[in-house]
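Structure, as C-alpha cells:
For clarity, every value in this text was computed on a predicted model and none was experimentally measured.
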Amino acid sequence: MSNDDARMNWSQGASGGPRALGGADSIVGFDPGCMRAGARQSRGVHARAYIVTVVLWLFAGGAPTLGVVGAAAVGPSGSRMLPWRDEADIGPDAARLRRTLAELCVTELRDISFEGNLVGAVHTLGEAYRRARGRGLSLLIRAGEGRRFSGAGGPHVRMKHRSTTVARAMDDLCRQADLFWEVTPIGIVCFDAWNLEQSRRRMAPGDLARAEAELVEAQKAGDEAGVWRRAEACAWAYAHRNGGTEEPGPFLEVSEGVAPLSAEEVRRGFDSHLQELKKRKWWAVGLDPTRTGRLPREVGIAIQGCVGAERAKLPCWEEGLQFAREAADYIMWTQNCGGKGVVPFPLCRSGDAAFVSAGGFISRVASNTGASHNGWVVDDLGDGSLQVDNSHCGVALYELYEATKEPKFFDMACEAAGWAMVEPIAPNWVYNGMTVYLLGWAYDATGDNRYLESARRRLRLGILPGQVLRGPLAGRWADPRNSGAAEHFTFVLALAQWLAAIPRDDPDRAMCAGAMRAALKAWQAELTAGKLPDTDCVLDALVAVERVRLLQSDLTDFDDCGVTEALGRYERVGAEALRAGRLAFGPSAWARLLELKARGPRLERPRFRVKRR
C-alpha cells in the first residue's frame with residue numbers, strides 16, 4: 001500500500017491466511033458506525049484464536065499501555081466488529097471514519113525493525129506511532145481458545161527495517177499470525193477467521209436460553225472475549241426470535257413556535273417542582289417497609305433535583321437544600337436498617353404501578369431468609385435488581401455532599417458505592433450501566449482507584465459487549481429487555497459520567513467515547529426529526545453528554561450527534577408546560593436542564609477528593 005492509500009481489501013494469501021492488497025482502488029467496506037472488511041475464511045488456522053485489540057488513542061497525551069488477558073475468542077462470523085462477507089455504505093459516518101483510516105495509512109513510522117512474539121511487535125508499533133505523532137496507541141492483547149497463548153506472547157513475527165505505516169505494519173503482522181484486522185468505533189480489532197466460523201457453526205440459530213446461560217457463565221468467569229462472543233450469540237438468537245425490533249415511543253409533542261425559556265423563567269423554573277415535591281412527599285424515617293410500595297429511587301431523584309437547583313443558584317435553592325437533607329436522612333436510615341450499606345428495597349408485595357413493575361423480584365427473594373433484614377431486601381441474589389435504586393440514591397448522596405460538605409452524606413454514599421463495587425456482574429446490561437454511573441461518581445469524589453477498576457470491569461464485561469456495532473441496529477443494545485429509550489439512554493448516561501470522571505490518558509477512554517457516539521447515532525434520526533422520547537432518562541443523559549461535550553476539550557466526536565438540538569426541543573416542551581402550569585419532567589432532569597441554561601460553559605463542578613474517615 002502506498003502512504004496515500006485510505007482503503008484496503010483482503011484476499012486469500014498463499015499460505016491460506018488473509019492478505020492485504022495494495023493499490024489506491026482497493027476498498028474497505030463500511031457499515032453505519034464501523035468499518036468492515038470483506039474477508040474469506042482463513043483455512044491455514046486450526047486451533048489458533050488470538051484476539052488483538054488496539055484501541056486508537058487519538059487524544060493528545062495518551063500513553064500507550066499493554067495488557068495480556070486470558071479469554072475466549074470473539075464471536076460468530078457475523079460479528080458486530082466483523083461484517084462477514086457483507087458490504088454496505090457507512091452513511092453519515094463516512095467522512096470521520098475515512099479520516100481515521102487515512103491517518104493510520106499516512107503516518108510515517110521510521111526504522112521499525114523487530115523479530116519476536118506478536119505482543120512485543122504490536123507494542124513496538126504503538127511506541128513508534130507515539131514517537132511519530134505525539135499521540136499514543138493503547139494496546140490490549142487477548143488470548144483465545146485453542147492453542148494456548150503462551151507467556152512468550154503469541155506467534156513469532158517479524159517487522160522489516162523500513163519506513164512504513166500503521167496500516168502496512170498491521171497487514172504484515174496479521175499475515176504472519178494468520179489474523180485479519182479492521183477499524184471499528186471502539187478501535188482496531190484483529191480476528192482469527194477460522195475460530196469465528198467455528199463459533200458460528202456451534203451456535204444453533206434462535207437458541208436463546210443456551211446463549212444467555214453461556215453469557216452469564218462467561219461474565220462470572222471474567223472471560224471478556226468469551227462475553228463478546230456469547231453476547232453476539234444472544235443478539236443472533238434475539239434476532240431470530242423477534243427480529244430485534246425496538247419498542248415504539250411514546251414521544252413528546254413539540255409545538256411549533258414555542259419560545260425558549262426566558263432568563264426569569266429559568267430563575268423560577270424549579271419553584272413549582274419544589275412545591276410539588278413537598279406536596280407528594282411520602283417518605284419518613286420509621287415507616288413500615290412492608291407497607292411502603294414506593295421506589296427508593298424517587299427519593300434520590302428528588303434530592304438530585306434540589307441539588308441541581310442549588311448548583312444553578314436558583315432563588316429556591318436554600319429551601320430545596322433543606323428538603324434534600326431531610327430526604328437524605330430517610331435514605332441513610334434505610335441503609336442502616338438493612339445493615340449492608342446498600343440502599344435496600346422495601347419487602348412489600350403491593351404498591352403503585354412503578355413499584356410493581358420494578359419490584360418483580362420481591363417474590364423471588366421473599367422465601368430466602370438471608371435476602372432480607374428488618375423488612376428490607378438487601379440481597380438480590382445476583383440478578384442486579386438492587387443496583388438501580390442503590391445507584392440513584394448513592395449518586396444523590398454524593399451530590400448532596402458536594403453542596404453541603406456534611407460528612408455523613410459522603411460516608412453513606414461510599415457505603416452504597418462499596419456495596420456495588422463488590423457485587424457480581426449482573427446478567428442485565430442496564431443494571432450494570434447504573435452501577436458504572438455510581439462508581440464513576442465515587443471515583444470522581446474520592447480518587448480511589450478501586451472504584452475506577454470495578455467500573456472498568458463492568459464496562460468490559462457487562463455493558464460494551466451488548467452494544468451492536470454494525471447493521472440496522474448499530475449502536476443499540478441487543479436485548480429486548482433493554483430496547484426502549486429509557487434503557488438505551490441509561491447506557492449513554494453511564495458512559496458520559498465515566499468519560500467525565502476518568503483521567504484523559506485512561507486506556508479505555510477512546511473505546512468508551514466510540515461506544516457513546518455509536519449509541520447517540522442510533523437515536524439521531526429520531527431526535528433530529530423531533531421525536532423526543534417521553535422519559536426523563538433521555539433528558540438526563542443528553543444533559544450529561546452536553547456537559548462532557550462542553551467541558552472535555554479532547555472529546556469532539558459528539559458535536560454532530562444532534563444532542564444540542566434535542567435539548568433545545570426538550571426545553572421548548574418544558575417551557576410550554578411551565579407556562580400552562582404543568583410539569584413536563586421530573587425534578588432531576590428538569591433541574592439539570594435549568595442548570596445547563598443558567599450556567600452554560602461554567603458547568604464544571606469543583607472536585608472534592610475526600611478520604612473516608
Euclidean distance, [Y] [atom2] relative to [X] [atom1], rounded to 0.5 Å:
| X | Y | atom1 | atom2 | result |
| --- | --- | --- | --- | --- |
| Leu439 | Thr446 | CG | OG1 | 10.0 Å |
| Gln467 | Phe491 | CD | CZ | 9.0 Å |
| Glu415 | Leu397 | CD | CG | 11.0 Å |
| Tyr443 | Trp498 | OH | CH2 | 8.5 Å |
| Phe270 | Leu593 | CZ | CG | 12.0 Å |
| Arg460 | Cys512 | CZ | SG | 8.0 Å |

Quick check on side-chain contact (heavy atoms from CB on, under 4.5 Å): which of Leu400, Leu321, Leu274 does Cys306 satisfy it with? Leu274
From Asn368, Val342, Ile362, residue fulfilling side-chain contact (heavy atoms from CB on, under 4.5 Å) relative to Val377: Ile362
Taking atom CZ of Arg325 as the centre, does the number of heavy atoms from other residues, nucleotides or ligands within less than 6.0 Å exceed 12? yes
Inspect the contact between [Y] and [X] and indicate whether a charged nitrogen and a carboxylate oxygen are less than 4.0 angstrom apart.
| X | Y | result |
| --- | --- | --- |
| Lys408 | Asp329 | yes |
| Glu402 | Arg311 | no |
| Glu595 | Arg592 | no |

Steps toward salt bridge (Lys or Arg N to Asp or Glu O under 4.0 Å) verdict (Glu310, Lys313): CA-CA 5 Å; Glu310 185 276 335; Lys313 288 297 182 281; 2.6 Å; yes
On a heavy-atom basis, which atom in Leu314 and which in Leu594 lie closest, and how many Å separate them? CD1-CD1, 4.0 Å
Using the side chain to side chain contact (heavy atoms under 4.5 Å, CB included) rule, take Gln304 and Tyr398 through it: C-alpha gap first, then chi angles, then the decisive distance, then the call. CA-CA 10 Å; Gln304 289 175 302; Tyr398 274 126; over 6 Å; no
Where do Arg450 and Met421 land on the side chain to side chain contact (heavy atoms under 4.5 Å, CB included) test, with the steps shown first? CA-CA 8 Å; Arg450 293 178 301 169; Met421 182 173 61; 3.7 Å; yes
